[in-house]
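The structure appears right after this line, and notes come after that.
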Amino acid sequence: MLDLKYIRENVEAVKENCKNRGVEADVGLVVELADRRSALISELNELRHEQNQMAKSIGRERDEEARQKLIEESRAMKERIPKKEDELAEIERRLREEQLNIPNMTHPDAPIGKDDTENVEIRRWGEVPQFEFEARDHVEIGESLKLIDFDAGAKTTGSKFYFLRGDAVLLELGLVRYALDALIERGYEPAITPDLARDEALVGTGFIPRGPETQIYSVENTDLSLIATAEITLAGQLADEILQEDDLPLRFAGLSHCFRTEAGSHGRASRGLYRVHQFTKVEMFAFTTPEQSDAMHEEMLAVEEDIFQGLGIPYRVVDICTGDLGGAAYRKYDLEAWMPGRGDYGEVTSTSNTTDYQARRLAIRYRPEGSRPQLLHTLNGTAIAVSRALISLLENYQQEDGSVKIPDVLVPYVGKKEIQPAR
RNA sequence: GGAGGAGUGGCCGAGUGGUUGAAGGCGGCACCCUGCUAAGGUGUUAUACCUCUUAACGGGGUAUCGAGGGUUCGAAUCCCUCCUCCUCCGCCA
């Protein structure tokens with residue numbers, strides 16, 4: 001959510017930004033509603049003031065007769081208030097609705113473009129493996145090594161669910177632990193968060209409402225939803241709080257399951273584990289001062305690169321263009337790992353600086369030395385999304401004999417050097 | 001699941017219908033005193049929004065005592081719903 005005052009004072013810049021991001025938001029209407037709201041609040045304040053004065057004078061009045069008279073007057077007067085309140089509530093509802101459509105402002109260096117085809121590759125790392133044999137994709141590998149069982153997942157739960165079996169279980173736990181260790185070393189506090197969150201937290205982080213393309217599973221007859229990422233719980237944990245400046249930056253490494261309905265994503269590249277309804281993820285999340293957030297964003301990107309370099313998986317870094325940023329991100333980088341099965345790079349991590357866009361809705365502030373509280377900045381980044389990491393890992397490390405080599409850094413965590421066909 | 005109790009400002013804690021945004025204490029800040037240290041004195045110390053004014057400081061107003069609703073001329077105080085925490089009982093890993 002953008003600041004109303006900011007929108008009012010920077011109408012043209014906000015409009016321009018919407019255009020760059022390909023977002024249809026009625027900035028003019030927001031301003032109009034905001035003006036209307038201000039006027040109404042003024043009127044209401046005035047009415048309440050009169051009412052309060054009345055009530056106080058009644059409290060002071062000792063003469064019973066005069067008192068009764070005042071009470072009657074006051075009673076009549078107060079009838080004017082509810083109508084205005086209703087009017088204001090309606091205006092605020094509409095204002096909020098419109099305001100939420102307005103995306104965050106954009107980093108001046110973010111590439112301008114209409115969709116993901118205009119994202120800008122910043123650099124590549126690693127060498128794409130050349131196989132002397134017909135490379136298989138992770139679905140085939142997972143099947144032949146009995147690592148991934150989509151049939152069982154479909155039977156018990158539905159399509160796009162899966163069992164991990166055998167060494168894949170060790171691989172998941174190993175990847176998680178590897179990522180956590182990397183983050184702990186850099187001062188991120190590990191946290192296992194709930195896999196469900198109240199609507200409040202989802203609204204605050206901007207995951208709902210999101211119209212028909214919502215990604216979120218809700219639990220019927222409750223105000224709970226399955227989280228799509230630990231970002232929701234990690235951000236929500238500090239809602240309505242005021243932090244000390246000394247406490248910042250705060251870094252978290254959140255481990256959770258992630259659940260996504262993937263509504264409307266049929267037909268998109270989604271074979272195997274690429275687009276599934278449930279996966280495990282270690283998520284980085286940080287709360288920073290406004291001055292710290294750019295540097296923190298670069299840090300998170302560096303951590304992601306370190307993690308994939310450690311795994312020895314070739315990747316490229318992509319600077320996400322304005323049209324593909326989504327609502328909250330001020331700037332976003334993705335890591336796309338090489339996936340031999342598709343012969344292309346595929347997204348494995350994503351890190352965003354959401355500046356104060358998320359903090360505003362969640363009301364998370366900090367107190368700068370000797371001054372009033374102000375909104376802090378929040379950032380998030382994927383350390384490991386296990387399902388996608390598995391794709392790149394199985395496919396890049398497959399061997400001609402059908403086995404899969406385990407990257408050196410994972411050997412201590414997994415307890416073996418390769419995965420051989422089960423017998 | 002059953003029965004009770006509690007939620008007040010950065011923290012502790014008073015306050016059961018009328019100048020209470022809220023006593024007192026701690027902590028913070030400013031100034032004074034002090035040879036240093038320690039102690040002491042005075043003052044100040046919430047947030048959001050609306051509005052006026054200013055270069056800035058600031059002034060006025062509204063709301064906020066877990067959240068939301070209600071009663072009342074007037075609610076931290078009464079009623080309802082919800083959330084969270086604590087105690088006891090039951091059940092379960």
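In what follows, chains are A, B, ... by sequence order, proteins preceding strands, each numbered from 1.
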Think A:Arg8 has a side-chain N or O under 4.0 angstrom from the OP1 or OP2 of B:C50?
yes

Strictly distance-based, threshold 3.5 Å: is any side-chain N or O of A:Asp86 a donor or acceptor partner for the main-chain N or O of A:Ala89?
no

A:Leu47 CG - B:C49 P separation (whole Å)
22 Å

Charged N to carboxylate O below 4.0 Å: is that the case for A:Lys155 and A:Asp151?
no

Any side-chain N or O of A:Asn52 under 4.0 Å from OP1/OP2 of B:G61?
no

Verify whether one side chain among A:Tyr333 and A:Arg331 offers a donor that lies under 3.5 Å from an acceptor in the other.
yes

Please report, rounded to the nearest Å, how far the P atom of B:C73 is from the CD1 atom of A:Ile81.
12 Å

Are the charged groups of A:Glu72 and A:Arg75 less than 4.0 angstrom apart, N to O?
no

Considering just the side-chain nitrogens and oxygens of A:Arg67, establish if one lies under 4.0 Å of OP1 or OP2 belonging to B:C73.
no

Could you pick out which residue, A:Gln53 or A:Lys5, lies toward the 5' side of RNA chain B when each is mapped onto its nearest nucleotide?
A:Lys5

Rounded distance in Å - CD (A:Glu245) to C1' (B:G28)
15 Å

Strictly below 4.0 Å: does A:Arg198 bring a side-chain N or O up to OP1 or OP2 of B:U84?
yes

5′-ward residue of the pair A:Glu46/A:Ile41 relative to RNA chain B:
A:Ile41

For atom CG of A:Asp240 and atom C1' of B:G10, their distance in whole Å:
16 Å

Compare side-chain N and O positions of A:Lys78 against OP1 and OP2 of B:G74 and report whether any pair is under 4.0 Å apart.
yes

